[in-house]
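Positions are given from 1, in the same order as the sequence printed here. None of these values were measured; they are calculated from a predicted model.
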Amino acid sequence: MEFTQFLNELWIARGALWQGFQLTVAVSALAVAFGTVLGLFVGMMLVYAWAPFKLLVRLYVDFIRGTPVFVLVLASFYILSVIGIQLNAFQAGVLAITVFCSSHVGEMVRGALQAIHRGQTEAAMAIGLTFRQTFQYVLMPQALRQILPTWVNAATEMVKASTLLSVIGVAELLLSTQQVISRNFLSLEFYFFAGLIYFAIDFSIERFGRYLERRLAAY
């Protein structure tokens, strides 16, 4: 009887939950994409930049990595508006998770680049490759193989971090689920259902990462 009631309520709430799912995927995808691009730049700066710039980037990475995502979300939404930067809740949420993701990706890139023996760079330069060509054809392909497994872990963490956006009113999957529960009080059933959806998203990312690893290993 209770399971039948849950199915009925699930059908009634399908629109709200679908919208929450879409927002969760959108926030996570944008944050991981922007965070990865920014993180690549941060990682390169940590390895190759002039010492004063390297110090500034190091401070950025350490500060962001030492700050809870919850605080970053609140700061993006409330503090930026105080200094005249007006972002809606969705934009502020994407910004907060992007910044958090970039600090982690930056450290991954730094570690991967520094793990490559200096002799490979010297050999590439010796045969006439420019720094850009050396980075593109020699260093980055090797770094990507090392980065990918930890990048997949970081991407799944960003999906989990998206649940914090409910505090600034982004109706992602968790907030949508809570709103549905407030109407029917089927908390156990709907939280379990939401957990299954989060698992499906993270599992898909993990499988996609494995696919990319196999493709990279073939080269």
- Does a side chain donor of either Gln5 or Glu189 reach within less than 3.5 Å of an acceptor in the other side chain? no

- Task: Provide the full list of side chain to side chain donor-acceptor pair (under 3.5 Å) pairs with a residue in residues 29-51, sequence neighbours left out, each pair given once.
- Result: Thr36-Trp151

- Query: Do the non-hydrogen side-chain atoms of Thr98 and Leu30 ever get within less than 4.5 Å of each other?
  - Reply: no

- Query: Linking I/L/V/M/F/W/Y whenever any side-chain heavy atoms sit under 4.5 Å apart, do Leu113 and Met125 land together?
  - Reply: yes

- Shared hydrophobic cluster, Leu55 / Val47 (ILVMFWY, side-chain heavy atoms < 4.5 Å): no

- Query: For Ala143, does its backbone N or O pair with a side-chain atom of Gln146 as donor and acceptor, under 3.5 Å?
  - Reply: no

- Message: Just to verify, which of Cys101, Ser102, Ser103 counts as forming a side-chain contact (heavy atoms from CB on, under 4.5 Å) with Val105?
- Response: Cys101

- Item | Rounded distance [0.5 Å steps], CG in Leu23 versus CG in Leu165 | 9.5 Å

- For Val71, side chain to side chain contact (heavy atoms under 4.5 Å, CB included) partners two or more places apart: Thr67, Pro68

- Using the rule that two of Ile, Leu, Val, Met, Phe, Trp, Tyr join whenever any of their side-chain heavy atoms come within less than 4.5 Å, decide whether Phe34 and Phe208 are in one cluster. yes

- Task: For residues 78-111, pull every pair meeting ring-ring contact (aromatic ring centres under 6.0 Å, His included), keeping only residues two or more places apart or in separate chains.
- Result: Phe100-His104

- Query: Does some side-chain heavy atom of Gln91 sit less than 4.5 Å from a side-chain heavy atom of Asn88?
  - Reply: yes

- Query: Any side-chain heavy-atom pair from Ile147 and Val109 closer than 4.5 angstrom?
  - Reply: yes

- Would you please test Leu40 and Met140 for side-chain contact (heavy atoms from CB on, under 4.5 Å) and show each step? CA-CA 10 Å; Leu40 285 171; Met140 204 56 202; 3.3 Å; yes

- Task: Measure the acute angle between the ring planes of Phe21 and Trp18, then classify it against the limits of 30° and 60° as parallel, tilted or perpendicular.
- Result: parallel

- Find out if a path of hydrophobic residues (ILVMFWY) with successive side-chain heavy-atom gaps under 4.5 Å connects Leu7 to Val180. yes

- Rounded to the nearest 0.5 Å, what separation is found between the CZ atom of Arg215 and the CG atom of Leu144? 13.5 Å

- Query: Hey, any chance Val159 and Phe192 share a hydrophobic cluster, counting ILVMFWY side chains that come within less than 4.5 Å of each other, even indirectly?
  - Reply: no

- Message: Quick check: do Lys160 and Asp202 have side-chain heavy atoms less than 4.5 Å from each other?
- Response: yes

- More than 12 heavy atoms of other groups within 6.0 Å of Gln19 CD: no

- Query: What distance do Leu17 atom CG and Leu10 atom CG have between them, rounded to the nearest 0.5 Å?
  - Reply: 6.5 Å

- Criterion side-chain contact (heavy atoms from CB on, under 4.5 Å) on Thr156 and Phe203, from CA distance to verdict: CA-CA 9 Å; Thr156 58; Phe203 185 73; over 6 Å; no

- Ala92: side chain to side chain contact (heavy atoms under 4.5 Å, CB included) partners, not counting sequence neighbours: Ser76, Phe77, Leu87, Ile168

- Item | Considering all heavy atoms, the nearest Ile205-Ala155 contact | CG2-CB, 3.9 Å

- Task: Step through the shown structure and confirm whether more than 12 heavy atoms of other residues, nucleotides or ligands are within 6.0 Å of CZ on Phe70.
- Result: no

- Message: Nearest 0.5 Å, please: how far is CZ in Phe135 from OG1 in Thr121?
- Response: 10.0 Å

- Pairs in or reaching into residues 106-119: which pass side chain to side chain donor-acceptor pair (under 3.5 Å), with residues at least two apart or in two chains? Arg58-Glu107, Glu107-Arg110, Arg110-Gln114

- OG on Ser28 to CD1 on Ile97, rounded to 0.5 Å: 6.5 Å

- Qualifying side chain to side chain donor-acceptor pair (under 3.5 Å) pairs, either residue in residues 166-180, two or more places apart: Glu172-Tyr198

- Message: So, taking the atom named CZ in Phe131 and the one named CG in Leu139, what distance separates them when rounded to the nearest 0.5 Å?
- Response: 7.0 Å

- Query: For residues Arg207 and Tyr211, is any side-chain donor paired with an opposing acceptor at under 3.5 Å?
  - Reply: no

- Check Ser162 against Val27 and note the closest heavy-atom contact, atom names and distance. CB-CG1, 4.2 Å

- Close side-chain approach of Val25 and Gln22, heavy atoms under 4.5 Å: no

